[in-house]
Engineer: 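Here's a structure for you.
We use all heavy atoms of the structure for the numbers below, so side chains are in, but hydrogens, waters and symmetry mates are not. Worth saying up front: this structure is predicted, and the values here are computed from it rather than measured.
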Amino acid sequence: MCLGIPGQVREIRDDAGLRMATVDFGGVRREVCLDYTPGAGVGAYVIVHVGFAITEVDEAEAWRTLDVLRAMADAVETELGEPLP
């Protein structure tokens, strides 16, 4: 299954030429590559798939999607390695 999860960019840094970020998925934080979303800044919401931010979304859409994903707990836990809080 391909699953893209929305999260909020909390911190951005350069890591050996890659634009990397700490992204918060409703309480779970992960390191994410932002190279495919060059316009995403701190505070932006992005859709993340296998460690890469693939598009930006607005905050309302991000929270609606997180609510749906919480209802599908097994899929989220498989993607993130732990459940959403």
Side-chain angles (χ1 to χ4, degrees):
M1 173 192 334
C2 294
L3 184 61
I5 300 179
Q8 185 178 32
V9 176
R10 295 297 192 167
E11 174 184 314
I12 298 174
R13 68 196 158 286
D14 183 275
D15 186 357
L18 290 176
R19 196 161 170 260
M20 299 296 293
T22 300
V23 176
D24 186 322
F25 300 93
V28 174
R29 290 185 177 202
R30 292 285 182 263
E31 298 306 303
V32 171
C33 180
L34 294 181
D35 275 357
Y36 296 141
T37 55
V42 172
Y45 286 84
V46 293
I47 299 293
V48 177
H49 176 64
V50 294
F52 291 87
I54 56 175
T55 191
E56 289 186 64
V57 294
D58 66 43
E59 182 177 6
E61 181 61 26
W63 284 107
R64 278 192 300 271
T65 303
L66 282 171
D67 288 341
V68 169
L69 292 173
R70 281 189 182 93
M72 301 169 30
D74 290 340
V76 173
E77 188 169 352
T78 297
E79 186 73 15
L80 291 180
E82 63 184 271
L84 289 172

Engineer: Distance from Arg10 atom CZ to Thr22 atom OG1, nearest 0.5 Å?
Structural biologist: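 Separation between the atoms: 10.5 Å.
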Engineer: Could you grab the distance from atom NE2 of His49 to atom CD1 of Ile5, nearest 0.5 Å is fine?
Structural biologist: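 Between His49 NE2 and Ile5 CD1, I get 10.0 Å after rounding to 0.5 Å.
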Engineer: How many angstroms lie between atom CD1 of Ile12 and atom CE of Met20, to the nearest 0.5 angstrom?
Structural biologist: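 With rounding to 0.5 Å, CD1 (Ile12) is 11.5 Å from CE (Met20).
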Engineer: State which residues pass side chain to side chain donor-acceptor pair (under 3.5 Å) with Asp35; sequence neighbours excluded, sorted by chain then number.
Structural biologist: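 Listed in chain order: nothing, the list is empty.
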Engineer: What pairs with Glu59 under salt bridge (Lys or Arg N to Asp or Glu O under 4.0 Å), at least two apart in sequence or on another chain?
Structural biologist: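 So Glu59 forms no salt bridge (Lys or Arg N to Asp or Glu O under 4.0 Å) with any residue.
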Engineer: Can you sort out the partners of Arg19 under salt bridge (Lys or Arg N to Asp or Glu O under 4.0 Å), two or more places apart, ordered by chain and number?
Structural biologist: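 Arg19 satisfies salt bridge (Lys or Arg N to Asp or Glu O under 4.0 Å) with no residue once adjacent residues are dropped.
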Engineer: Who pairs with Ala40 by side-chain contact (heavy atoms from CB on, under 4.5 Å), at least two apart in sequence or on another chain?
Structural biologist: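 Testing Ala40 for side-chain contact (heavy atoms from CB on, under 4.5 Å), a comparison that skips the adjacent residues, returns Thr37, Ala44, Val46, Glu56.
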Engineer: Looking only at non-hydrogen atoms, find the nearest pair between Val42 and Glu11 and report the distance.
Structural biologist: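 Smallest interatomic distance, heavy atoms only, reads CG2-CA, 4.3 Å.
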Engineer: Tell me, do Phe25 and Val32 make a side-chain contact under 4.5 Å, heavy atoms counted?
Structural biologist: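 SC-SC contact between Phe25 and Val32 confirmed.
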Engineer: Heavy-atom distance under 4.5 Å between the side chains of Val23 and Arg30, does that happen here?
Structural biologist: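 Side chain of Val23 against side chain of Arg30, heavy atoms only: no contact under 4.5 Å found.
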Engineer: What residues, two or more places apart in sequence or in another chain, satisfy side-chain contact (heavy atoms from CB on, under 4.5 Å) together with Ala60?
Structural biologist: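 Result, side-chain contact (heavy atoms from CB on, under 4.5 Å) vs Ala60: Asp58, Arg64.
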Engineer: Taking all atoms of both residues into account, what is the closest heavy-atom pair of Ala53 and Leu34, and its distance?
Structural biologist: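 Closest approach of Ala53 to Leu34, heavy atoms only: CB-CD2, 3.7 Å.
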Engineer: What residues, two or more places apart in sequence or in another chain, satisfy side-chain contact (heavy atoms from CB on, under 4.5 Å) together with Thr65?
Structural biologist: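 Residues passing side-chain contact (heavy atoms from CB on, under 4.5 Å) with Thr65: Pro6, Glu61, Leu69.
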Engineer: Please give me the minimum heavy-atom distance between Leu18 and Cys33, naming the atom from each residue.
Structural biologist: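 Of all heavy-atom pairs spanning Leu18 and Cys33, the closest is CD2-SG, 4.5 Å.
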Engineer: Which atom pair, heavy atoms only, marks the closest approach of Val9 to Gly41?
Structural biologist: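 Nearest heavy atoms, Val9 then Gly41: CB-O, 3.5 Å.
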